[in-house]
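Below: one structure, written as structure tokens.
Here is how names work: the chains are called A, B, and so on, in the same order as the sequence lines, proteins then strands, and each is numbered from 1. These numbers come from the heavy atoms of this one structure, side chains and all, not from hydrogens, waters or symmetry mates.
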Protein chains: 2
Amino acid sequence: MKNFHPTGNCPVRDVLSRLGDKWSMLVLITLSANGTMRFSDIHKTIADVSQRMLTVTLRTLESDGLIERKVYAEVPPRVEYCLTERGSSLIPHIQGLVDWALQQMSGIMKSRVLHTP
Amino acid sequence: MKNFHPTGNCPVRDVLSRLGDKWSMLVLITLSANGTMRFSDIHKTIADVSQRMLTVTLRTLESDGLIERKVYAEVPPRVEYCLTERGSSLIPHIQGLVDWALQQMSGIMKSRVLHTP
DNA sequence: AACGATAGTTACATCCATGTAAGTTCCTTA
DNA sequence: TAAGGAACTTACATGGATGTAACTATCGTT
């Protein structure tokens, strides 16, 4: 347990807590699957995210250097997002989690029912 | 309710959202590193979790079948926790995320500073 | 002149995860 | 007789994450 420091501020916890929010992993997987996308494209793909939270999520991911934001000086505006190299390096790990969840979810749902009669 | 609850629709999101809370991954990694542990042992290892949240987290993990809870009829009580097979199968994926975070966190911190002048 | 399109921003409201503090149980030991 | 211990449980408080709705800018099109 030398990686997770139980006391004080842990940078690893900090980094991981960003991915644990409601939309970040979903956005990253979406960009990985589709390549470069406009704001409206992402919004259509993840239909139930609010405009505000999509903006907030994208800004946070950009701030951490996981995605890149390109603004084109056009009217109406055009903004494109894509994964950075750092963002791409994270994808296999998220995908690993998703695959695990897909394999296990049936059993997990059954387990939940047993534990809440 | 005007909108569907997102985790109500997608089982994968539901399962992953459980792992995204503040303590679940930490508890799983701790159990993986130390094997069977008592409640108080986990609490000592993860010093800054409140008693209540440790209880809540352990119950949730148990309900999903990721850890096993063994109660011994003694006074004072003794309760032991360990990973189930399902919980163990998740560890490599969490560890992959942790390793990634360790490799990237320095660069991420720098990126954050650049994006918040 | 009004409208639509895109990608936001702002102010405000609400919910839920988490925290705090105290109470509970039952036996053992001083 | 009372304190101590493990593992909770309950009631209440709080803050941060998320949601809602309205507003913005600009230009070409109707």
(request) Mind grabbing the angle between the end helix axes of the helix from dA1(C)-dT30(D) to dA30(C)-dT1(D)? Five pairs an end, 10° rounding. (result)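 About 30° separates the two local helix axes.
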
Could you state the [atom1]-[atom2] distance from [X] to [N], rounded to the nearest angstrom?
X      : N       : atom1 : atom2 : result
R18(A) : dA17(D) : CZ    : P     : 9 Å
L58(B) : dA6(D)  : CG    : P     : 16 Å
I42(B) : dC8(D)  : CD1   : C1'   : 13 Å
I46(B) : dG19(C) : CD1   : C1'   : 16 Å
L54(A) : dT6(C)  : CG    : C1'   : 13 Å
L19(B) : dA17(C) : CG    : P     : 14 Å
L26(A) : dA17(D) : CG    : C1'   : 16 Å
D21(A) : dC15(C) : CG    : P     : 20 Å

(request) List the steps, then state whether side-chain contact (heavy atoms from CB on, under 4.5 Å) holds for L26(A) with R13(B). (result) CA-CA 9 Å; L26(A) 216 43; R13(B) 279 198 224 177; 3.4 Å; yes

With respect to the phosphate group of [N], does any side-chain polar atom (N or O) of [X] fall under 4.0 Å of OP1 or OP2?
X      : N       : result
K22(A) : dC16(C) : no
R38(A) : dA7(C)  : yes
Y81(B) : dA7(D)  : no
R59(B) : dT9(D)  : yes
R52(B) : dT10(D) : no
R78(B) : dC8(D)  : no
T55(B) : dT9(D)  : no

(message) Between M37(B) and V71(B), is there shared hydrophobic-cluster membership here, with clusters defined by ILVMFWY side-chain heavy atoms closer than 4.5 Å?
(response)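 Looking at the clustering, V71(B) is in the same group as M37(B).
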
(request) Following the transitive rule for hydrophobic clusters with a side-chain heavy-atom cut-off under 4.5 Å over Ile, Leu, Val, Met, Phe, Trp and Tyr, establish whether Y81(A) and Y72(A) coincide in one cluster. (result)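 No, Y81(A) does not connect to Y72(A) through the hydrophobic network.
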
(request) Kindly point out which of dG8(C), dT20(C), dC8(D) is positioned nearest to the side chain of S50(B)? (result)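 Out of dG8(C), dT20(C), dC8(D), the nucleotide with an atom closest to S50(B)'s side chain is dT20(C).
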
(message) The side chain of S40(B) is closest to which nucleotide in this list: dG5(D), dG8(C), dA7(D)?
(response)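 Among the listed nucleotides, the one closest to the side chain of S40(B) is dA7(D).
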
(message) Counting C-beta onward and ignoring hydrogens, is there a side-chain heavy-atom pair between Q104(A) and R86(B) closer than 4.5 Å?
(response)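 Answer yes - side chains close enough.
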
(request) Between F39(A) and V75(A), just flag the one whose closest nucleotide in DNA chain C comes earlier from the 5' side. (result)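 Its nucleotide being nearer the 5' end, the pick is V75(A).
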
(request) Using the closest heavy atom to pick a nucleotide of DNA chain D for each, name whichever of Q51(A) or P77(B) lands nearer the 5' end. (result)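 Result of the comparison: P77(B).
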
(request) Identify, between P76(A) and T57(A), the residue whose nearest nucleotide on DNA chain D lies closer to the 5' end. (result)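 The residue mapped nearer the 5' terminus is T57(A).
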
(request) Start with the C-alpha distance between F39(A) and R69(A), add both sets of side-chain angles, then the distance that settles side-chain contact (heavy atoms from CB on, under 4.5 Å), and finish with yes or no. (result) CA-CA 10 Å; F39(A) 183 92; R69(A) 181 171 181 265; over 6 Å; no

(request) Test side-chain contact (heavy atoms from CB on, under 4.5 Å) on W23(B) and D48(B) and set out the steps. (result) CA-CA 10 Å; W23(B) 303 111; D48(B) 54 344; 3.8 Å; yes

(message) Any side-chain to backbone donor/acceptor pair from R18(B) onto S24(B)? Under 3.5 Å, distance only.
(response)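 Checking the backbone N and O of S24(B) against the side chain of R18(B), no donor-acceptor pair under 3.5 Å is found.
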
(request) Could you verify whether a donor N or O on one side chain and an acceptor N or O on the other, from D99(A) and Q103(A), lie under 3.5 Å apart? (result)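 The criterion, which ignores hydrogens and geometry beyond distance, is not satisfied for Q103(A) and D99(A).
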
